[in-house]
Number of protein chains: 2
Amino acid sequence: MSDHSQVFVGLNAVILAVTEEEPRILTLRRGDHSVAFPENQKPDPTPAELVDALPFGPLDPARDRTLELALRAWVREQTGIEVGYVEQLYTFGDRNRDPREREGGPRVLSIGYLSLCHEDSIAGGGQARWRPWYDYLPWEDWRGGRPAILERHLEPALDSWIQDAEDRRAAQLRRERIDIAFGLGGAPWDGYRVLDRYELLYEAGLVREAVRDRGATEAAGEEAAAPRLGRPMCFDHRRILATAVSRLRGKIKYRPVVFELLPPTFTLLQLQRVVEALAGQPLHKQNFRRLVEKGGLVDGTGKLSAGTGGRPAELFRFRRVVLRERPTPGVGLPALPEH
Amino acid sequence: MSDHSQVFVGLNAVILAVTEEEPRILTLRRGDHSVAFPENQKPDPTPAELVDALPFGPLDPARDRTLELALRAWVREQTGIEVGYVEQLYTFGDRNRDPREREGGPRVLSIGYLSLCHEDSIAGGGQARWRPWYDYLPWEDWRGGRPAILERHLEPALDSWIQDAEDRRAAQLRRERIDIAFGLGGAPWDGYRVLDRYELLYEAGLVREAVRDRGATEAAGEEAAAPRLGRPMCFDHRRILATAVSRLRGKIKYRPVVFELLPPTFTLLQLQRVVEALAGQPLHKQNFRRLVEKGGLVDGTGKLSAGTGGRPAELFRFRRVVLRERPTPGVGLPALPEH
DNA sequence: AACCAATATGCTCAGTTTGAGTATAAATAG
DNA sequence: CTATTTATACTCAAACTGAGCATATTGGTT
């Protein structure tokens, strides 16, 4: 076996918890083009260029029996967090996703994982920080109605990207993709196309990562003019995050994963707020209650929660046996109303 | 960067086409513990131990800009097939998934891909063969009613696996998992849990791969006694196939991927047969027609198909604009009737 | 020519699910 | 004591779904 086919394999984790009705991910700060494998978490030499990054750890082929065990091991070591629910997302292997490859570094593959944590287990973290995932993807949060950033920045910028197309056909193609991804031109907004949207913005050069990857040869002035849609991240970490959001939004429909983010007992409103936080859209309260109760997803405990402002709510727990009863127990999301 | 963290990365492809109402995958024959990287497709020295294998190719970090390009390249080189639709499935990295690791070989990671081909593009293939995927997973095909293999072989074997559990609690746990995965004990059969089922059978030692992986130290007599549930495959290739089936069955519900398997125009029965083949369950003809027509998935062409035995059917084509209209255009599958 | 087998297509109908809203109950704050 | 807030129960129409009947159009048989 020749050496040329060897690559370096790392694992990236989107570690998620929902606190104060916000989905938050664990992020580190680090230099974008600097040490990628923080064996000692050494701080970056050039603080001006620090960027948010997903936690990262190498696969140690000698030690780690499985990929998932590898992930659990270094997450524990780096952050002290003992992750529960873990799911593989996607393997990212484009050349130059790690910029040091350009300077002769090895080809770096990254396997993305999603981990769900209960709110109370987020104590540790070391240098890590919990940040709302909508800081990185602000156009995905429709809980307060259509995000203003869409009309104010995103749509005009996408429009001029369409104008910039080579010819009429290319422009038509761009228009088509944008309409479907962003629910424009009469198309509905599809909450699951998170990755499509991010990739389109990247392609259109509307996220800082795109400008960065096209080479730092441009003038500083030009770079400053580049739009800053959402908080940027290291490497392709925002793409990994977008993958995680897509996956999770899809999955809550047919698997009871939400409960991995909740304490053992909770009120129905708490549950609803978590689902809304993930889905990025508001839900009809009474219908949501009907869905989870009649759907057999939860069981009342008879106990009441401490006052949350109004009438006390009953505490519920996840009804595990639902798995035996229905093939796809989850919370279906309604289509967003047209505008 | 230390050398110990380097691994060998390969790509496995589940290349699928539906012909004669059967979903078929492209397979090679090769020695189970022999050369894993068929640079020259060299035939195996010990024909007695030949097993079916998924097409495989290495990632060449120097040449391949992206993983998908790598896949397309070696599939073209090896089989002459120019794949269209391609989708990444999962990355498999358990130690010893390639048995040569035991003898000091490098850690081998495999990234599984799913590719969908039109029926007419399956000419080439070289030494490769198209084989029905239900040869490998016969318990997944419910088109002719509940598969006999379930009652005849699978359920008794799973029952005795439950009996073999350490203690009552462990047995209870096994019972629970089996009921949910195989729709026993009142639970419904869930067509999407293909991977769950395969992994359970593997764990219970009911597929040949499990016997093989536990070491070839056992007597030949014992091995012969091992059940042969479905046609075995090389390494963990059947697991990859199970992942592909799971993914595809899930996806046809919300994305119009079926059309990747059909010619440009087709009759509604043809379309139905393909969906049935993938889902492994029969569908109600009139309702299916209503679903795809009212759902805006297809457009009539006005032309009629050559007689297929009865009244000629209208030819339809995929209605691409449906993507602009509905967020999740696909063919929802009904629950299978209880027994 | 009449009839049968096979497939295609149109339509009905009841049961369920879904989206939206009204009404009432039980707590706290002033 | 009243306004406010949250919880919970119930209603109603529209849409969707599962199941089946009925009719249409072909080729082959008698």
Side-chain angles (χ1 to χ4, degrees), chain A residues 21 142 188-189 191 253-254 265-276 279 281-316 325-339, chain B residues 21 142 188 191 253-254 265-273 275-276 279 281-316 325-339:
Chain A
E21 311 192 347
W142 286 56
W189 178 272
K253 267 194 315 196
Y254 63 95
T265 70
F266 44 82
T267 69
L268 293 185
L269 188 58
Q270 268 182 286
L271 174 59
Q272 181 181 342
R273 293 296 181 225
V274 172
V275 174
E276 287 174 332
Q281 66 172 267
L283 297 172
H284 185 286
K285 191 169 179 174
Q286 296 92 320
N287 289 349
F288 181 78
R289 155 182 292 268
R290 177 176 63 189
L291 184 72
V292 296
E293 271 195 298
K294 296 244 165 103
L297 277 171
V298 295
D299 241 354
T301 63
K303 286 172 195 158
L304 296 183
S305 79
T308 49
R311 169 174 169 180
E314 188 174 0
L315 286 168
F316 289 78
E325 297 166 358
R326 300 198 305 142
T328 57
V331 285
L333 303 174
L336 278 164
E338 308 276 326
H339 287 247
Chain B
E21 310 192 349
W142 287 55
K253 267 196 312 196
Y254 62 96
T265 70
F266 45 82
T267 69
L268 292 186
L269 188 58
Q270 268 182 287
L271 174 59
Q272 182 181 342
R273 292 295 181 226
V275 174
E276 287 174 331
Q281 66 172 265
L283 296 172
H284 184 287
K285 191 170 178 171
Q286 294 92 321
N287 289 348
F288 181 80
R289 155 182 291 269
R290 178 176 61 188
L291 185 72
V292 297
E293 272 195 299
K294 296 246 165 107
L297 278 170
V298 296
D299 241 354
T301 63
K303 287 172 194 158
L304 297 182
S305 77
T308 50
R311 168 175 170 179
E314 186 172 1
L315 286 169
F316 289 79
E325 297 167 357
R326 300 199 306 140
T328 57
V331 284
L333 304 173
L336 278 164
E338 308 277 326
H339 286 245

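Note on naming: letters A, B, ... go to the chains in the order of the sequence lines (proteins, then strands), and numbering restarts at 1 for each one.
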Problem - Any A:Lys285 side-chain N or O less than 4.0 Å from OP1/OP2 of D:dT6 - result: no
Problem - Side chain B:Thr301, main chain B:Leu315, donor-acceptor under 3.5 Å - result: yes
Handout entry: Expected output: side-chain A:Glu293 to main-chain A:Arg290 donor-acceptor under 3.5 Å
Key = no
Practice task
For the pair B:Gln272 (side chain) and B:Leu283 (backbone), establish whether a donor and an acceptor sit closer than 3.5 Å, ignoring hydrogens and angles.
Solution key: yes
Handout entry: Along DNA chain C (nearest heavy atom to each residue), the more 5'-positioned of A:Leu304 and B:Leu269
Key = B:Leu269
Exercise for the section: Find the distance A:Leu283:CG to C:dG21:P and express it as a whole number of Å. Expected result: 15 Å
Practice task
Would you kindly give the NZ-to-C1' distance between B:Lys253 and D:dT17, to the nearest whole Å?
Solution key: 15 Å
Handout entry: Residue mapping more 5' on DNA chain C - nearest nucleotide basis, B:Gln270 or A:Gly310
Key = B:Gln270
Problem - Length of the line joining B:Arg273:CZ and C:dA6:P, which is rounded to integer Å - result: 14 Å
Problem - Residue B:Arg289, side-chain atoms from C-beta onward, closest of D:dG18, D:dA9, C:dA8 - result: C:dA8
Problem - B:Gln272 CD - C:dT7 C1' separation (whole Å) - result: 12 Å
Practice task
Take atom CZ of A:Arg290 and atom P of C:dA20, then tell me their distance rounded to the nearest Å.
Solution key: 11 Å
Exercise for the section: Give B:Gln286 one of three labels, base, sugar-phosphate or nothing, depending on what nucleic acid heavy atoms sit under 4.0 Å from its own. Expected result: base
Handout entry: Out of D:dG20, D:dT25, D:dT8, whichever nucleotide has its closest atom nearest the side chain of B:Pro312
Key = D:dT25
Exercise for the section: Please determine if a side-chain N or O atom of B:Arg311 lies less than 4.0 Å away from the OP1 or OP2 oxygen of D:dA24. Expected result: no
Practice task
Using atom CZ of B:Phe288 as one end and atom P of C:dT7 as the other, report the distance to the nearest whole Å.
Solution key: 17 Å
Handout entry: Upstream residue (5' side of DNA chain D) when A:Asn287 and A:Ala313 are each assigned their closest nucleotide
Key = A:Ala313
Exercise for the section: Whole angstrom is fine here: how far is it from CG in B:Leu291 over to P in D:dA19? Expected result: 14 Å
Problem - B:Trp142 backbone acceptor or donor facing B:Gln281 side chain under 3.5 Å - result: no
Handout entry: Protein-nucleotide distance (A:Glu314, atom CD; C:dA25, atom P), rounded to Å
Key = 18 Å
Exercise for the section: Have a look at B:Leu268 and say if it touches a base, only the backbone sugar-phosphate, or nothing, with a 4.0 Å heavy-atom cut-off. Expected result: nothing
Practice task
Would you check if the side chain of B:Arg289 reaches a backbone N or O of B:Leu268 as a donor-acceptor pair within less than 3.5 Å?
Solution key: no
